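Chain letters run A, B, ... following the sequence lines, proteins first, then strands; residues in each count from 1. Values in this document were obtained by computation on a predicted structure and should not be read as measured data.
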Amino acid sequence: MNFIIAGAIKAVKELYGQEIAENVINLQETRKEFEGQVTIVVFPIVRFSKKTPEEIAKDIGSYLQQNVAEVEGFNVVKGFLNLVIAESYWIDLFNNTLLQPDFLAVKSRGEKVMVEYSSPNTNKPLHLGHVRNNLLGYSVAELLKADGYDVVKVNLVNDRGIHICKSMLAWQKWGNNETPESSGLKGDHLVGKYYVVFDKEYKKEIDALKAEGQTEDEAKKNAPLIKAAQQMLLQWEQGDAEVVSLWKKMNGWVYAGFDVTYKKLGVDFDKYYYESNTYLLGKDTVEEGLAKGVFFKKEDGSVWIDLTTDGLDQKLVLRADGTSVYITQDLGTAQMKYDDFGMDKSIYVVGNEQDYHFKVLFLILEKLGKSWAKGLYHLSYGMVDLPSGKMKSREGTVVDADDLVAEMVATAKQKTEELGKINDFSDAEKEELYATIGLGALKYFLLKVEPKKRLLFDPAESIDFQGNTGPFIQYTHARIKSLLSKANYQFAPADYSKIKLSPTELEMVMLLAKYPTEITEAAKAYSPAFIANYLYEVAKLFNKFYHEVPPIIKEEDVAVKQHRLNICKIAADVIKSGMNILGIHVPERM
RNA sequence: GCCUCCAUAGCUCAGCUGGAUAGAGCACCGGUUUUCUAAACCGUAGGUCACAGGUUCGAAUCCUGUUGGGGGUACCA
């Protein structure tokens with residue numbers, strides 16, 4: 001639509017003798033109740049002439065009609081100049097852009113970006129909150145790829161710390177050598193079970209100590225179990241053979257379990273980082289910061305940074321005993337990641353409870369003079385809450401990832417069977433389809449919401465399969481595919497000299513043509529939700545078109561038939577490509 | 001206390017850098033199948049865009065304040 005902007009600028013120059021900037025011309029789509037496709041809002045131009053908005057609109061409208069070939073007519077409503085663009089323009093757009101093989105091709109930007117997501121703790125299985133993280137991270141990575149970035153997906157596994165020792169200790173004491181094999185439990189669930197056991201026993205001890213007269217705080221510190229866990233962490237850090245071997249064994253179970261869940265969710269990583277390998281690294285960065293005078297040492301030997309001039313607090317970066325805290329290791333890991341990949345941008349997909357942490361982290365790296373610090377971005381997303389409140393693994397009030405996926409697949413199976421459209425499928429094909437639909441519903445449900453908004457999930461209300469949902473879009477795709485195959489569709493341009501577009505077809509062309517810009521906008525905002533909502537519009541409009549138009553297969557006019565099938569084909573391609581960005585498969589039949 | 005995010009229909013959500021009468025889905029009510037998949041389509045109803053000011057020709061959108069909710073403010077990660 002640049003030719004309209006250029007034309008309008010020229011019009012203002014010739015009619016009123018004023019040079020105006022491009023952003024003064026405010027273009028928008030014409031509302032459906034008026035004639036035309038493109039509207040210029042003339043209010044911003046008013047100050048460049050002495051006329052009223054209506055007069056200006058008429059002036060510019062006539063000018064464009066006379067001087068710009070594509071502008072066929074216009075009408076003025078208040079300060080809005082609605083332009084009627086010639087049909088040939090839309091047909092050319094469809095024929096020369098949408099039907100070209102490179103319409104969906106990715107143009108490389110030659111820039112590398114890293115997306116870190118998932119980042120689980122290894123003491124418990126994944127729950128719905130992690131599912132949102134995983135799907136969001138994966139989708140943002142795919143989105144950036146589609147926008148031409150070179151993407152590296154990484155997972156920083158939090159495999160060490162007191163929380164893991166808790167599971168280990170409980171297993172040692174009460175596990176009776178239970179293994180995934182002996183119990184039939186998935187490894188991560190087995191370890192998670194002992195994390196809950198620890199908490200239960202720990203609470204018992206606290207209650208007992210309180211009964212003896214200790215305060216809550218005292219009891220929490222003095223309980224034998226917590227002391228034993230702390231002792232175990234110390235042994236781990238000292239490399240105690242027995243502890244390390246137990247740690248390896250139990251983490252191994254967890255990794256095997258995570259792999260299954262990741263595979264089911266369809267997410268993957270190019271590289272794993274483990275905190276057990278990176279947690280000491282930050283100490284070098286701390287030395288560097290001390291040398292540069294960015295950090296300072298307190299009397300007890302602890303190292304701090306003063307961020308009060310930036311409106312933040314003083315922040316500890318290294319403990320007095322020389323051990324690292326969360327931010328220490330993140331400083332080190334950030335350096336390591338950059339050394340490994342030299343990326344231009346680095347996205348951290350982490351919940352909004354850590355907004356402050358990342359603000360501090362990025363600020364410190366900037367103060368240390370890291371050239372790459374400006375490319376760091378915290379993609380902060382809202383928590384997933386249950387009607388009962390926050391999910392807590394320790395207390396078992398979580399929606400488990402594996403359970404949820406299983407439930408979605410079961411629902412998909414039930415609905416599909418009710419409809420009875422795929423009775424000729426083999427069992428394997430059926431299972432695959434149920435998984436595709438169930439996961440499609442789940443992924444779309446989580447991704448259609450703006451990442452930073454928090455999400456309420458009510459397990460009692462199942463996720464919809466109708467309306468603005470994944471299955472609706474999948475269905476639309478399947479419907480198109482079925483139509484194309486029944487029509488023995490061959491890709492070819494139609495005889496466009498004979499084509500007239502119906503209003504819905506014209507809308508369809510305009511909407512489909514927006515897909516590439518939609519990707520760029522979504523990528524800029526790191527928001528798969530843009531894509532989800534766009535695809536919903538495409539699917540909805542397609543279904544409207546499908547109902548309006550008489551059966552295409554029986555269409556006798558060859559040009560019209562080919563043209564309509566071409567619209568179907570492009571719609572299916574766009575849906576497939578967009579759903580792919582969301583990590584959702586689209587079936588050929590359902 | 002301080003910092004930060006959020007508030008749109010009964011419910012779940014769109015609404016892009018301010019633009020025309022605020023849009024969808026679900027649920028509710030009614031209609032559409034001898035024609036390419038009814039997981040679809042069409043229609044009725046449903047709103048003081050939390051509240052109060054301000055900026056502007058124009059505010060759900062920008063600014064200030066108030067209220068309500070989430071999160072943070074740890075030598076946890």
Side-chain angles (χ1 to χ4, degrees), chain A residues 23 26 28 30-31 33-34 39 41-44 46-47 53 77-80 82 119 121 158 160-163 275 279 300 302 304 311-313 316-321 323-330 351-357 359 380 382-383 385 389-390 412 415-416 418-419 421-422 437 441 445 448-450 452-458 461 463-476 478-487 517-518 521-522 524-525 529-530 532-534 536-537 539-540 542-544 546-555 565 568 589-590:
Chain A
N23 60 19
N26 187 341
Q28 57 186 248
T30 303
R31 291 188 141 236
E33 56 270 36
F34 303 110
T39 295
V41 183
V42 300
F43 294 106
V46 171
R47 60 194 163 100
V77 180
K78 292 192 262 177
F80 299 88
N82 302 321
S119 310
N121 291 347
N158 182 8
R160 60 165 289 277
I162 189 84
H163 49 287
E275 288 190 359
Y279 81 106
D300 64 358
S302 58
W304 296 73
L312 304 173
D313 306 317
L316 177 95
V317 294
L318 194 69
R319 291 192 184 103
D321 63 7
T323 58
S324 60
V325 291
Y326 183 31
I327 203 149
T328 324
Q329 78 190 20
D330 264 6
N352 64 11
E353 56 197 349
Q354 294 191 32
D355 285 356
Y356 184 73
H357 170 77
K359 212 167 159 182
S380 162
M383 298 286 100
D385 289 328
K390 215 179 163 179
K415 303 225 175 203
T416 307
E418 277 169 20
L419 293 170
K421 294 179 184 176
I422 55 151
I437 297 173
F445 176 81
K448 78 169 177 191
V449 180
E450 199 54 37
K452 78 172 168 183
K453 293 211 178 176
R454 74 191 197 107
L455 209 96
L456 191 80
F457 178 79
D458 188 347
E461 278 178 43
I463 294 174
D464 278 327
F465 282 61
Q466 278 164 358
N468 189 357
T469 66
F472 167 70
I473 297 169
Q474 290 174 318
Y475 168 76
T476 306
R479 195 182 218 189
I480 298 173
K481 285 305 207 176
S482 157
L483 170 56
L484 292 177
S485 103
K486 281 189 181 156
T517 15
E518 210 66 32
E521 294 294 312
K524 236 187 258 172
F530 281 31
N533 289 303
Y534 168 78
Y536 175 60
E537 274 183 66
K540 219 165 51 137
F542 177 83
N543 281 309
K544 185 181 172 190
Y546 183 89
H547 276 268
E548 265 179 15
V549 135
I552 298 171
I553 292 175
K554 295 185 178 154
E555 176 62 50
L565 290 172
C568 294
R589 276 183 60 196
M590 66 185 274

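The side chain of A:R479 sits closest to B:A40 out of B:A39, B:C41, B:A40. With distances taken from any side-chain atom of A:N543 to the nucleotides B:G71, B:A77, B:A40, the minimum falls on B:A40. When distances are taken from the side chain of A:Q28 to each of B:A39, B:G71, B:A20, the shortest belongs to B:A20. Nearest to the side-chain atoms of A:K486 among the listed nucleotides B:C36, B:A77, B:G25 stands B:C36. Comparing B:C75, B:A14, B:A40 by their closest approach to the side chain of A:A320 singles out B:C75. Comparing B:A38, B:U73, B:C75 against the side chain of A:S302 picks out B:C75 as the nearest. Taking the side chain of A:K540 as heavy atoms from C-beta on, and the options B:U4, B:C41, B:G72, the nearest nucleotide is B:C41. If you check B:C26, B:U37, B:A20 against the side chain of A:Y475, the one that comes closest is B:U37. Of the candidate nucleotides B:U73, B:U4, B:U35, B:U73 has the atom lying nearest to any side-chain atom of A:D313. Of the candidates B:C3, B:A40, B:G19, B:C3 carries the atom nearest the A:K359 side chain, counting heavy atoms from C-beta on.
Among the atoms of the strands shown, base atoms are found under 4.0 Å from some heavy atom of A:A478. Base contact: A:N26 has a heavy atom under 4.0 Å from a base atom. When heavy atoms are screened at a 4.0 angstrom cut-off, A:T39 is found touching base atoms of the nucleic acid. Within 4.0 Å of A:F445, counting heavy atoms only, lies no atom of the nucleic acid at all. Within the nucleic acid shown, A:M383 has no heavy atom closer than 4.0 Å to any nucleic acid atom. Within the 4.0 angstrom heavy-atom criterion, base atoms lie near A:T416. Heavy atoms of A:E450 sit under 4.0 angstrom from primed sugar atoms or phosphate atoms, though from no base atom. Within 4.0 Å of A:L318, counting heavy atoms only, lies no atom of the nucleic acid at all. Residue contacts for A:E275: at a heavy-atom cut-off of 4.0 Å it reaches the sugar-phosphate backbone alone, with no base atom in range. Within 4.0 Å of A:Q329, counting heavy atoms only, lie sugar-phosphate atoms of the nucleic acid but no base atom. Residue contacts for A:F43: at a heavy-atom cut-off of 4.0 Å it reaches a base atom on one of the strands shown. Across all strands, A:V549 comes closer than 4.0 Å to base atoms (heavy-atom distances). Using a 4.0 Å heavy-atom distance criterion, A:P53 is classed as making no nucleic acid contact. Using a 4.0 Å heavy-atom cutoff across all strands shown, A:K452 reaches sugar-phosphate atoms only and no base atom.
For the residue pair A:N543/A:R479, the side-chain donor-acceptor check at 3.5 Å is satisfied. Looking only at atom types and distance, the side chain of A:S380 has a donor-acceptor partner in the side chain of A:D355 under 3.5 Å away. Side-chain contact check for A:N158 and A:Y326: no donor-acceptor pair (N or O, by modelled atom type) lies under 3.5 Å.
With A:T323 contributing its side chain and A:R319 its backbone, the two residues share no donor-acceptor pair below 3.5 Å. Distance alone, capped at 3.5 Å, is enough to place a donor-acceptor pair between the A:S324 side chain and the A:Y279 backbone. Between the side chain of A:T328 and the backbone N or O of A:V317, at least one donor-acceptor pair lies under 3.5 Å. With A:K359 contributing its side chain and A:L312 its backbone, the two residues share no donor-acceptor pair below 3.5 Å. A:R589 places a side-chain N or O within 3.5 Å of a backbone atom of A:K421 that can act as its donor or acceptor partner.
Of the candidates A:F542, A:F445, A:F465, A:Y536, A:F472 forms a ring pair (Phe, Tyr, Trp, His ring centres under 6.0 Å) with just one, namely A:Y536.
When the side-chain nitrogen and oxygen atoms of A:S482 are compared with OP1 and OP2 of B:C36, none of them lie within a distance under 4.0 Å. When the side-chain nitrogen and oxygen atoms of A:K78 are compared with OP1 and OP2 of B:U21, one or more of them lie within a distance under 4.0 Å. Note on A:K453: a side-chain N or O is less than 4.0 Å away from OP1 or OP2 of B:A7. The side chain of A:R454 contributes no N or O atom lying less than 4.0 Å from OP1 or OP2 of B:U12.
In this structure, the aromatic ring of A:F80 is positioned over the six-membered ring of the base of B:A20, centres within 5.5 Å and planes within 30°.
Nucleotide B:C75 holds its P atom 16 Å from the CD1 atom of A:I162, rounded to whole Å. Note: NE2 (A:H547) to P (B:A40) measures 9 Å, nearest angstrom. The interatomic distance linking A:D385 (CG) with B:G69 (C1') rounds to 11 Å, in whole Å. The separation between A:L455 atom CG and B:C6 atom C1' is 13 Å, rounded to whole Å. If you take CD of A:Q354 and P of B:U73, they are 9 Å apart, rounded to a whole angstrom. The CZ atom of A:R160 sits 7 Å away from the P atom of B:A77 (whole-angstrom rounding). The distance from atom CZ of A:R589 to atom P of B:A40 is 18 Å, rounded to the nearest whole Å. The distance from atom CD of A:Q466 to atom C1' of B:A40 is 9 Å, rounded to the nearest whole Å.
Across the interface with RNA chain B, nearest-nucleotide mapping of A:K415 and A:V325 shows A:K415 to be the residue nearer the 5′ end. Across the interface with RNA chain B, nearest-nucleotide mapping of A:L312 and A:A412 shows A:L312 to be the residue nearer the 5′ end.
For A:K421 against B:U37, a side-chain N or O and a base N or O form a donor-acceptor pair under 3.5 Å.
Shown here, B:G30 forms a base pair with B:C42; the pair counts as Watson-Crick or G-U wobble because both key distances fall under 3.5 Å. B:C62 and B:G54 make up a base pair, with Watson-Crick or G-U wobble contacts both under 3.5 Å. If you check B:U21 for Watson-Crick or wobble pairing at under 3.5 angstrom, you find it has no partner at all. Pairing for B:G68 goes to B:C6, judged as Watson-Crick or G-U wobble with the two contacts each under 3.5 Å.
B:A7 and B:C62 have their P atoms separated by 10 Å, with the value rounded to a whole Å. Rounded to whole Å, the P atom of B:G19 lies 10 Å from the corresponding atom of B:U61. Spacing between B:A27 and B:U35 at atom P, rounded to whole Å, works out to 26 Å. Rounded to the nearest Å, the gap between the P atom of B:A45 and that of B:A24 is 13 Å. For B:U55 and B:A74, the P atoms lie 41 Å apart once the distance is rounded to whole Å.
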